2 protein chains.
Amino acid sequence: MKVSKAPKIATSDTMPLNYYQKEDQVLLAVDCIIFGFHKKSLKVLLIKRNFQPEKGKWSLIGGFLKRNEQLDQAAERVLSTLTGLNNIYMEQLYTYSKVDRDPGQRTISVAYYALINVSSYQYDGIHIESAQWFDLEEAPPLIFDHNEMIERAMARLRRKAMTKPIGFELLPEKFTMRKLQNLYESILNKKLDKRNFVNKIISLDVLIKLNEKDMTTSRRGAFLYVFDKEKYEKKVEEEGFIFKI
Amino acid sequence: MKVSKAPKIATSDTMPLNYYQKEDQVLLAVDCIIFGFHKKSLKVLLIKRNFQPEKGKWSLIGGFLKRNEQLDQAAERVLSTLTGLNNIYMEQLYTYSKVDRDPGQRTISVAYYALINVSSYQYDGIHIESAQWFDLEEAPPLIFDHNEMIERAMARLRRKAMTKPIGFELLPEKFTMRKLQNLYESILNKKLDKRNFVNKIISLDVLIKLNEKDMTTSRRGAFLYVFDKEKYEKKVEEEGFIFKI
DNA sequence: TCAAAAGTGTTGAAGATACACCCATGT
DNA sequence: ACATGGGTGTATCTTCAACACTTTTGA
């Protein structure tokens, strides 16, 4: 390593406004990894391209950033346009910029991931517009660097779900302990001990047990819970509580 | 929430190549948060703008993405141009896209953070080109959203240094236990117990103790250590070892 | 009456934390 | 001889992991 005087060019971003005119412009896209949870497994929503180029291949949903919006808005717009869903948990993931990643034109893509809670209706009904849910292990090869995006999103989801209660975004408002455990088993991709899981969750003290049972999966029925968001946030604020599973 | 058929526009990114021509283009910048460690405290390297707009204000170093490079390369170029340093640990942090973040022109900025180990020479010598090291708590107000970038970088560094041995990037090759502890105290922003720290570090078994002492900080001298990168990587590969401090 | 899922506690091991004194050396 | 930072071990507490049987009820 050596140290040298910095040439003038180092300060090019600090030039007066008109200087910017000389710089290269690029297309900025957003692509969304949409996670859902259905019947004990984590799913990702993909669409099939039915035109050239890459016709017939599967892809994440995406779109281009417009001049008057910021990336979060673009991602929400793209998601809402495809699925009709609003107020979805979304988070920026990573920006992909390989020079030839899109053979059409130099395009940089900012990946977002979204967690949505799919009702059975949505799960079956989503087939409109050649969109389809895939089990994560069974996702097909995708265009460009989209498989890489899913990999990174999955890694992020794993890490994040261990320390922040984002997992609940993937469940309906009321859920059984078993559902919650299934979800975490999907995210972590391993079996958990039922007793240890319940003990841990209960000791976190951020769930409310309802006087209501889900009778669809057993004769005996299983109690339903809801996540107590206010309680969680108060704990974080007052005691620096960290959600840790 | 409602579900509706997706309008045609949802698939705009999958159109044939010439379709892209209609989309808005933007400027893409990279900004680098450069961390260093000197005399028991974490520092960040800033430069002073000496021209309009925002003349006289402090700023991160940055530059624009060129047509034929990817973001990682742009970030390396920017860093190397200012500091003359190469082969530096860098990582993409986040992409900032508020519509008015840069009053000059619509600019999206991808922030990177870098960890460099500053020798005393570099620490004092860096004053060239109006660059200066700041203690993190004493960083001045910066242009645009640069303070926000530093906040996020700091949060990332904290998290990352707890689970990956990236902290070592901030130290010279040979270092004393005390230096390492000081570093972690800076990153975590709290005092650590000397005995517990040493016990933990030693039990990780990824340091090599040298037969060499640093005589600059005490009469007795303190043993020097080096990080054993190969051993660390072998452990990760063979036993799924996770660096955990 | 039985099949199928729900529910429930204890023990041992490992890891984290708290804590205080002697050592080596240059001045 | 003393001042300064270097170096070391143990006891307690908390957290995690392993583990199996009883309950409910519809068919």
Side-chain angles (χ1 to χ4, degrees), chain A residues 39-41 158-159 161-163 171 174-226 235 239-245, chain B residues 39-41 158 161-163 171-172 174-226 235 239-245:
Chain A
K39 290 199 196 272
K40 298 195 181 185
S41 56
R158 282 211 178 93
R159 185 178 58 68
M162 303 273 290
T163 52
L171 293 173
K174 302 175 181 180
F175 49 86
T176 62
M177 271 291 166
R178 173 57 54 144
K179 282 269 166 56
L180 185 61
Q181 183 177 343
N182 286 337
L183 171 59
Y184 273 90
E185 288 178 341
S186 294
I187 292 177
L188 304 177
N189 200 27
K190 68 175 177 190
K191 285 271 163 229
L192 301 174
D193 179 86
K194 183 167 53 158
R195 285 159 294 184
N196 290 342
F197 184 80
V198 172
N199 289 160
K200 215 171 197 171
I201 291 287
I202 295 298
S203 75
L204 290 175
D205 188 31
V206 290
L207 291 193
I208 299 169
K209 185 177 189 170
L210 303 178
N211 272 328
E212 213 179 317
K213 283 188 164 188
D214 172 7
M215 303 304 292
T216 62
T217 52
S218 75
R219 314 193 206 287
R220 185 181 176 179
F223 279 105
L224 288 165
Y225 293 79
V226 293
K235 273 172 170 276
E239 357 161 351
F241 171 76
I242 291 173
F243 185 91
K244 179 89 185 75
I245 244 175
Chain B
K39 290 199 196 271
K40 298 194 182 186
S41 57
R158 281 211 179 94
M162 304 271 290
T163 52
L171 293 173
K174 302 173 181 182
F175 50 85
T176 63
M177 270 293 166
R178 172 58 53 135
K179 283 268 166 56
L180 186 60
Q181 184 178 342
N182 286 335
L183 171 60
Y184 272 90
E185 288 178 341
S186 295
I187 292 177
L188 304 177
N189 199 27
K190 68 174 177 191
K191 285 272 164 228
L192 302 173
D193 180 85
K194 183 167 55 157
R195 285 159 295 186
N196 290 341
F197 184 80
V198 172
N199 289 161
K200 215 173 199 172
I201 291 288
I202 295 298
S203 76
L204 290 175
D205 188 30
V206 288
L207 291 194
I208 298 167
K209 185 177 192 171
L210 303 178
N211 272 328
E212 214 179 318
K213 283 187 164 186
D214 172 8
M215 304 304 294
T216 62
T217 53
S218 76
R219 312 193 208 288
R220 183 180 177 178
F223 280 105
L224 289 165
Y225 293 80
V226 293
K235 272 171 170 280
E239 357 160 353
F241 170 77
I242 291 174
F243 185 90
K244 180 93 183 72
I245 245 177

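Keep in mind that the numbers below use all heavy atoms, side chains included, and drop hydrogens, waters and symmetry copies. Just so it is clear, the model here is predicted, and its values are computed rather than measured. Here is how names work: the chains are called A, B, and so on, in the same order as the sequence lines, proteins then strands, and each is numbered from 1.
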Any non-hydrogen side-chain atom of A:M177 less than 4.5 Å from a side-chain atom of A:Y225?
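Yes, their side chains come closer than 4.5 Å.
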
State, yes or no, whether a side-chain contact exists between A:L207 and A:F175 at a heavy-atom distance under 4.5 Å.
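The answer is yes; the side chains approach within 4.5 Å.
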
With sequence neighbours excluded, what pairs up with B:R195 under the side chain to side chain contact (heavy atoms under 4.5 Å, CB included) test?
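Result, side chain to side chain contact (heavy atoms under 4.5 Å, CB included) vs B:R195: B:D193.
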
Sequence neighbours excluded, every pair satisfying salt bridge (charged side-chain N to carboxylate O under 4.0 Å, His left out) that has a member inside residues 201-214 of chain A
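Checked against salt bridge (charged side-chain N to carboxylate O under 4.0 Å, His left out) - neighbours excluded - the pairs reaching residues 201-214 of chain A are A:K174-A:E212, A:D205-A:K231, A:D205-A:K235.
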
What is the distance, rounded to the nearest whole Å, between atom [atom1] of [X] and atom [atom2] of [N]?
X      : N      : atom1 : atom2 : result
B:Q181 : D:dG7  : CD    : P     : 12 Å
A:K190 : D:dA17 : NZ    : C1'   : 11 Å
B:F223 : D:dG7  : CZ    : P     : 7 Å
A:I201 : D:dA17 : CD1   : P     : 14 Å
B:K209 : D:dG6  : NZ    : C1'   : 10 Å
A:R178 : C:dT8  : CZ    : P     : 13 Å
B:M177 : C:dC23 : CE    : P     : 21 Å
A:F197 : D:dA18 : CZ    : P     : 16 Å

Dump every N/O contact between nucleotides 24-27 of chain C and the protein below 3.5 Å, one line per pair.
residue	atom	partner	partner atom	Å
C:dA24	O4'	B:R220	NE	3.4

For a quick test of reading the model, state the closest non-hydrogen atom pair linking [X] to [Y] and the distance between them.
X      : Y      : value
B:V206 : B:F241 : CG1-CE2, 4.2 Å
A:G221 : A:M215 : CA-SD, 3.5 Å
B:V226 : B:L210 : CG1-CD1, 3.9 Å

As an exercise, state the distance from [atom1] of [X] to [atom2] of [Y], rounded to the nearest 0.5 Å.
X      : Y      : atom1 : atom2 : result
A:K191 : A:N189 : NZ    : CG    : 10.0 Å
A:I201 : A:L192 : CD1   : CG    : 9.5 Å
B:L183 : B:S41  : CG    : OG    : 11.0 Å

Where the side chain of B:T217 is concerned, which of D:dG6, C:dA6, C:dT8 is the nearest nucleotide?
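Of the candidates, D:dG6 comes closest.
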
Could you name each residue pair satisfying side chain to side chain donor-acceptor pair (under 3.5 Å) that touches residues 175-184 of chain B, not counting sequence neighbours?
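Applying side chain to side chain donor-acceptor pair (under 3.5 Å) to every pair that reaches into residues 175-184 of chain B, excluding sequence neighbours, yields B:Q181-B:E185.
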
When you compare the protein's N or O atoms with those of nucleotides 11-21 of chain C, which come within less than 3.5 Å of each other, and at what distance?
residue	atom	partner	partner atom	Å
C:dA18	N7	B:N196	OD1	3.4
C:dA18	N7	B:N196	ND2	2.9
C:dA18	N6	B:N196	OD1	3.0
C:dC19	N4	B:D193	OD2	3.3
C:dC19	N4	B:N196	OD1	3.3

Using five pairs at either end of the helix from C:dT1-D:dA27 to C:dT27-D:dA1, determine the angle between the two local helix axes and round it to 10 degrees.
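Comparing the first five pairs with the last five, the axes sit 10° apart.
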
